[in-house]
Protein chains: 2
Amino acid sequence: MPETLAQDPAAEAAPRRPRGRPRKSAQHLDESGRRRELMEQAARLFLVKGYAATTTRDIAAAVGMHSGSPFYYFKSKSALLYAVMREGMEGALASQQQALDKLAPEADAHARLRALIRHHFDILLGPASGFIPVMLYEWRSLTAAQKKGVSQVKDTYEAAWMPALEALAAQGDLRASPAVARLFIFGALNWSVQWFRVRGSQTLDGLTEQALHLFAGKA
Amino acid sequence: MPETLAQDPAAEAAPRRPRGRPRKSAQHLDESGRRRELMEQAARLFLVKGYAATTTRDIAAAVGMHSGSPFYYFKSKSALLYAVMREGMEGALASQQQALDKLAPEADAHARLRALIRHHFDILLGPASGFIPVMLYEWRSLTAAQKKGVSQVKDTYEAAWMPALEALAAQGDLRASPAVARLFIFGALNWSVQWFRVRGSQTLDGLTEQALHLFAGKA
DNA sequence: CCTACCGATCGGTAGG
DNA sequence: CCTACCGATCGGTAGG
């Protein structure tokens, strides 16, 4: 895994900055707070209604702005979608890395896969979720350059699963080629966005164990 | 499984019929041909661009009509989406039933699951596919009444998997509860729409075997 | 099915 | 960030 990501192929010029000398950190925090709010509300609406059916006016209203104001933070609706996906994926990659680093050095392949599945459920269904489901279900709304930009991060995220899957296959605990198993497993997990309900009886820990046994259970 | 489906909760008045006495079967065939063409092109566009981003003008142009003409066959864009999903799901349910009926009477649970998976891949990725992927990825674009209408058929389709999954669980070849396994398995299969490419090296038969072994393989 | 059209909505911008 | 606004597009319809 590269320590630094390549340049962003879909990077765009930043929007107008506020005039005058930028005030201290308070100002910066506030600014990035508003930007972040826009991304969070946009992600929520994109997931419920879809990107194309969500208007920039919906998003503005959701954060208490007037209709033209989101364009102060993002140069276009498309750039806002891209920010949600790209920055969401960067966050997911970072937290996945942390989850793997937290494992004991002697952790076996089952433990590694369990940690990956548990973390993925958290990203998809946990309290701080939202950006990654948008990425999964709005991929077609990106331009080609934007897809490239998100793929840079997404491919790294997915590649991190291969060592565990290969080890499981080698020891006979995975009954498909690692490459195909990865596609099926991601599908099974990603689809949970469609049916999982927070108020239901399932816990993310319980789902993790069931998934682990179904895909890589012994006997 | 009921022999007859309940009434369609989202059924709407048929669009205007052509004036004059309906001519014989040729006329009828031609009419239903145009209607079908609209559904097929609409499904293709809905899948590529999404429902909201597809205009009724796009659809009209794809079948060589002028912009107002689709509304002669469907009372609204929404009704066209619903027809794609509902009729697509009805066709899938019928062909799934046929696939099960074709099994030898002594077929075991593995053979039943294999037939179900193979048929599902065909529906999702085969040459005649298109309607079901739209249903899977545009669910949120339906009204509540429409969701009810499609669910009537979809629930029956999915329920047909339970006996095979329960039998496999009973004999120790399924390492999760049948209910949760069904959700994961459908996710794994449905996600293939995202990555399967017809020109690639994978065949639907090959994918079926890999899925079967991954989910319900012995040892 | 086509022609001709309407009312509403939408992304985006200039200027402050 | 707001105000005021524009040009383009879109679903849908009347009438034939």
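What you see below is based on every heavy atom in this structure, not just the backbone, and it leaves out hydrogens, waters and symmetry mates. A note on names: the letters A, B, ... follow the listed sequences, proteins ahead of strands, and every chain is numbered from 1.
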field: Atom-to-atom span, NZ of K75(B) to P of dT13(D) - whole angstrom
entry: 8 Å
query: Rounding to a whole Å, what distance do you find between L80(B):CG and dC10(D):P?
result: 16 Å
field: Exercise: identify the closest heavy-atom pair between Y157(B) and A92(B)
entry: CE1-O, 3.6 Å
message: Between T55(A) and D58(A), do the side chains contain a donor N or O and an acceptor N or O under 3.5 Å apart?
response: yes
message: If I take atom NZ from residue K154(A) and atom CE from residue M85(A), how far apart are they, to the nearest 0.5 angstrom?
response: 11.0 Å
Short N-O contact, R44(A) and E37(A), less than 4.0 angstrom: no
- prompt: Rounding to a whole Å, what distance do you find between K77(B):NZ and dT9(D):P?
  reply: 15 Å
message: Just the rounded figure in Å: distance from C1' of dG16(D) to OH of Y72(B).
response: 13 Å
Give every pair of a protein N or O atom and an N or O atom of nucleotides 3-8 of chain C that lie under 3.5 Å apart, one pair per line with the distance.
| from | atom 1 | to | atom 2 | distance (Å) |
| --- | --- | --- | --- | --- |
| dT3(C) | OP2 | H66(B) | ND1 | 2.8 |

query: How many angstroms lie between CG in L136(B) and CD1 in I123(B), if you round to the nearest 0.5 Å?
result: 10.5 Å
message: Is any side-chain heavy atom of T54(B) closer than 4.5 Å to one of Y51(B)?
response: no
- request: Using a 4.0 Å heavy-atom cut-off across all strands, classify T54(A) as base, sugar-phosphate, or nothing.
  value: sugar-phosphate
query: Reading DNA chain D 5' to 3', what string of ( ), [ ], | and . shows its pairs, if Watson-Crick and G-U wobble pairs count only when both distances fall under 3.5 Å?
result: ||||||||||||||||
Which side-chain N or O atoms in residues 187-196 of chain B pair as donor and acceptor under 3.5 Å with protein atoms at least two apart or in another chain?
| from | atom 1 | to | atom 2 | distance (Å) |
| --- | --- | --- | --- | --- |
| N190(B) | OD1 | H120(B) | NE2 | 2.8 |
| N190(B) | ND2 | F186(B) | O | 3.2 |
| S192(B) | OG | L189(B) | O | 2.6 |
| Q194(B) | NE2 | Y137(B) | OH | 3.4 |

statement: d(R35(A) CZ, M39(A) CE) to nearest 0.5 Å is 5.5 Å
task: Round to the nearest Å and state the distance from R35(B) atom CZ to dC1(C) atom P.
output: 14 Å
- prompt: Taking OH from Y73(A) and C1' from dC1(D), how many angstroms apart are they, rounded to a whole number?
  reply: 7 Å
- prompt: CZ of F71(B) versus C1' of dC1(C): gap in Å, rounded?
  reply: 14 Å
query: Whole Å only: how far is the CG atom of L45(A) from the C1' atom of dC10(C)?
result: 16 Å
- line: Correct closest heavy-atom pair for R34(A) and Y73(A) would be CB-OH, 3.4 Å
